[in-house]
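Just so it is clear: chains get the letters A, B, ... in the order the sequence lines come, proteins before strands, and each one is counted from 1.
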Amino acid sequence: MLQLQVLSQDPEWVKERLTIKNFKDVQLVDSILELHEQRKKYTFQYDETKALINAASKSIGQLMAKGAKAAAEEKKKEVEQLKKTLVSIEPLLSDVEKNLHDQLVQLPNLPAKEVPPGKTPEENVVVREGGNLPKLPEQALPHWELTKKYDIIDFELGTKITGSGFPVYKGKGAKLQRSLIQYFLDFNTAAGYQEIQPPLMVSEASAFGTGQLPDKEGQMYHATEDNFYLIPTSEVPLTNIYRDEMMKETSLPVKMTAFTPCFRREAGSYGKDVRGLNRLHQFDKVEIVQITHPDKSYETLDEMVKHVEKLLISLELPYRILRLCGGDMGFASAITYDFEVYSAAQEKWLEVSSVSNFETYQSNRMKVRFKDAEGKTKLVHTLNGSSLALPRILACLLENNQAAEGIHLPACLHEYFGSDVLM
RNA sequence: GGUGAGGUGGAUGAGUGGCUGAAAUCAGUAGUUUGCUAAACUGCCGUACGGGUUAAACUGUACCGCGGGUUCGAAUCCCGCCCUCACCGCCA
């Protein structure tokens with residue numbers, strides 16, 4: 001949620017920023033400011049009236065104490081009149097307040113100045129590339145054939161147990177998955193991230209806090225009986241740890257990492273994009289989250305991007321880093337870097353991480369604040385990123401490293417997996 | 001699922017109708033003093049939205065889990081909801 005203060009300071013600048021994010025309804029800004037003015041007006045009337053009533057009530061108490069019954073009764077009549085005024089203002093005020101809030105939550109976060117304009121993924125900017133594209137053997141197989149060949153993932157079995165998009169990892173496939181998780185967590189904790197095991201279901205309030213609700217309602221699995229949502233990413237429980245908290249400035253930055261399964265309904269997506277491990281309803285992910293001082297968040301963003309990059313380099317996969325254009329960014333993000341790895345047999349880039357700075361957009365909603373040196377209350381900045389999403393990494397490892405004798409694994413995994421080749 | 005207790009500021013916790021935006025303690029902060037670390041003492045210290053000011057000072061309203069109600073007046077009384085804790089039941 002944007003801060004009203006930002007809107008009223010420079011509405012034209014806000015509109016310009018919104019346009020970069022490809023947000024159409026910029027006149028919403030004017031409408032919000034208009035409601036803001038109306039609210040001021042009604043609040044003022046309400047406060048004035050209430051002040052008179054409070055003063056009268058006080059004097060009634062004093063008159064009663066003195067035994068001046070008649071005078072007290074006079075005052076009561078006065079209050080009765082004032083209350084009529086109050087009752088007439090109340091619905092106007094609450095109406096304006098509701099509209100104001102409803103409209104304000106419709107505004108996405110403003111893009112940072114580095115964000116390139118653009119509407120589609122084609123307009124994202126490649127900021128860095130690394131690794132070498134592998135030379136695959138003749139008859140190279142896509143990962144969904146490889147998983148069958150080595151009997152490590154069974155998609156049909158998952159369909160039997162649950163439905164499509166819930167694969168079953170078996171034997172060495174399960175172990176490789178576990179090795180990756182272990183390696184990622186170790187890599188993150190070595191960089192100072194505290195490991196957390198959060199709940200996999202969250203309350204409505206938590207889902208609202210990070211911005212999944214109200215606009216991404218249909219993307220989450222909902223346990224209606226208890227009104228819990230299965231997490232689409234551990235960002236939700238991790239960031240909500242600090243919801244409604246007044247933090248100590250000295251406790252910043254907070255660095256957290258977690259491995260969790262993630263659940264996504266992915267309503268409306270099908271076709272070749274969902275083949276194999278490309279898009280699942282349940283998948284594993286290791287996440288990193290930081291909560292920082294507002295002056296430090298861009299430094300932190302940089303640090304997180306480099307961190308994820310190092311991890312990808314260690315996996316020896318060809319990767320590229322994209323700065324997302326305004327139109328392709330998430331609703332709550334101020335700037336986002338996507339990481340993609342090259343899936344050689346499919347001949348396409350797959351997103352495996354997305355690192356974003358939300359600035360105060362989430363913290364304003366969640367009321368995550370701290371007191372600075374002058375004792376002023378300020379909102380923190382929140383950031384998060386994947387390090388990494390497992391299935392697509394697995395897909396690339398399988399495809400890119402396939403050889404006659406088996407799948408060669410990068411050096412960083414040998415110890416975890418207990419072997420340098422999967423056969 | 002049953003029964004009981006409870007939700008107050010950054011934290012602990014007092015407060016059962018007007019003197020309470022809220023005691024006290026701790027934390028925080030500014031200062032004084034003791035030649036250091038530390039201790040003692042003194043002042044300040046909730047949030048939001050307004051009015052006011054160059055900026056302050058000053059000032060209005062709301063907020064004691066959430067939403068209603070009673071009353072001239074509610075943290076305090078009544079109703080509904082949510083949550084937490086304890087004990088019992090069930091279960092990993």
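Following rounding to the nearest Å, A:Lys378 (NZ) and B:U47 (P) show an atom-to-atom distance of 14 Å. For the pair A:Phe370 CZ and B:C45 P, the interatomic distance rounds to 21 Å; values are reported in whole Å. Taking atom CZ on A:Arg243 and atom C1' on B:C83, their separation rounds to 12 Å, with Å as the unit. A:Tyr42 has its OH atom 18 Å from the C1' atom of B:U61, to the nearest Å. Atom CG of A:Asp244 is separated from atom C1' of B:G7 by 15 Å (rounded to the nearest Å). Look at CD on A:Glu97: it is 12 Å from P on B:C63, rounded to the nearest Å.
Side-chain contact annotation: A:Thr210 with A:Gln212, donor-acceptor N/O pair under 3.5 Å present. Side-chain polar atoms of A:Glu195 and A:Thr189 form no donor-acceptor pair below 3.5 angstrom. Using a 3.5 Å distance cut-off with no hydrogens or angles, the side chains of A:Tyr183 and A:Ser314 do pair a donor with an acceptor.
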What are the atom names and distances for every N/O pair under 3.5 Å that joins the protein to nucleotides 89-91 of chain B?
none

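Only the P atoms considered, B:G46 is 14 Å distant from B:G9, to the nearest whole Å. Spacing between B:A14 and B:G7 at atom P, rounded to whole Å, works out to 9 Å. Nucleotides B:G13 and B:A24 have their C1' atoms positioned 8 Å apart, rounded to a whole Å. Taking the C1' atom of each, B:G80 and B:U12 are spaced 31 Å apart, rounded to whole Å. Between B:C87 and B:C72, the distance separating the two P atoms is 46 Å to the nearest Å. The C1' atoms of B:A56 and B:G65 are separated by 36 Å, rounded to the nearest whole Å. To the nearest whole angstrom, the two C1' atoms, one in B:C45 and one in B:G21, are 14 Å apart. With both ends at atom C1', the span from B:C41 to B:A55 equals 33 Å, rounded to whole Å.
A donor-acceptor pair under 3.5 Å links the side-chain atoms of A:Lys175 to the main chain of A:Phe417, judged by distance alone. Judged by distance alone, with hydrogens and angles left aside, the side-chain atoms of A:Glu266 form no donor-acceptor pair with the main-chain N or O of A:Gln219 at under 3.5 Å. No donor-acceptor pair closer than 3.5 Å links the side chain of A:Glu340 to the backbone N or O of A:Ile321.
Looking at which nucleotide of RNA chain B each of A:Met246 and A:Ala51 is closest to, the 5′-most match is held by A:Met246.
Using a 4.0 Å cut-off between charged nitrogen and carboxylate oxygen, A:Glu309 and A:Arg128 count as a salt-bridge pair. In this structure, A:Lys40 pairs ionically with A:Glu37, as a charged nitrogen and a carboxylate oxygen lie closer than 4.0 Å. The residues A:Asp244 and A:Lys367 are annotated as not salt-bridged, no charged nitrogen and carboxylate oxygen being separated by less than 4.0 angstrom. At a threshold of 4.0 Å, the pair A:Glu73-A:Lys76 counts as salt-bridged, since one of the basic side-chain nitrogens sits closer than that to a carboxylate oxygen. With respect to the salt-bridge test (charged N to carboxylate O, under 4.0 angstrom), the residues A:Lys255 and A:Glu303 qualify.
As the counterpart of B:C44, B:G28 is assigned, both hydrogen-bonding distances of the Watson-Crick or G-U wobble pattern falling under 3.5 Å. Pairing for B:A14 is absent, judged as Watson-Crick or G-U wobble with the two contacts each under 3.5 Å. Base pairing of B:C87: its partner is B:G2, meeting the Watson-Crick or G-U wobble criterion (both donor-acceptor distances under 3.5 Å). Nucleotide B:A22 is matched to nothing when pairs are restricted to Watson-Crick or G-U wobble geometry with both distances under 3.5 angstrom. The partner of B:U37 is absent, by the rule that a Watson-Crick or G-U pair needs both atom distances under 3.5 Å. Across all strands shown, the partner of B:C81 is B:G65, judged by Watson-Crick or G-U wobble contacts whose two distances both fall under 3.5 Å. Pair assignment for B:A55: none, as no Watson-Crick or G-U wobble contacts are both less than 3.5 Å.
Taking the ring centre of A:Phe208 as origin, the terminal cationic atom of A:Arg365 falls inside the region bounded by 6.0 Å and 45° from the ring axis.
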Walk along nucleotides 48-58 of chain B from 5' to 3' and tag each nucleotide B, S or - by protein heavy-atom contact under 4.0 Å, base first, then sugar-phosphate. -SS--------
Reading 5' to 3' through nucleotides 66-75 of chain B, protein heavy-atom contacts under 4.0 Å coded B for base, S for sugar-phosphate only, - for none: ------BS--
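Side-chain contact between A:Leu141 and A:Glu399 is absent, with no heavy-atom pair separated by less than 4.5 Å.
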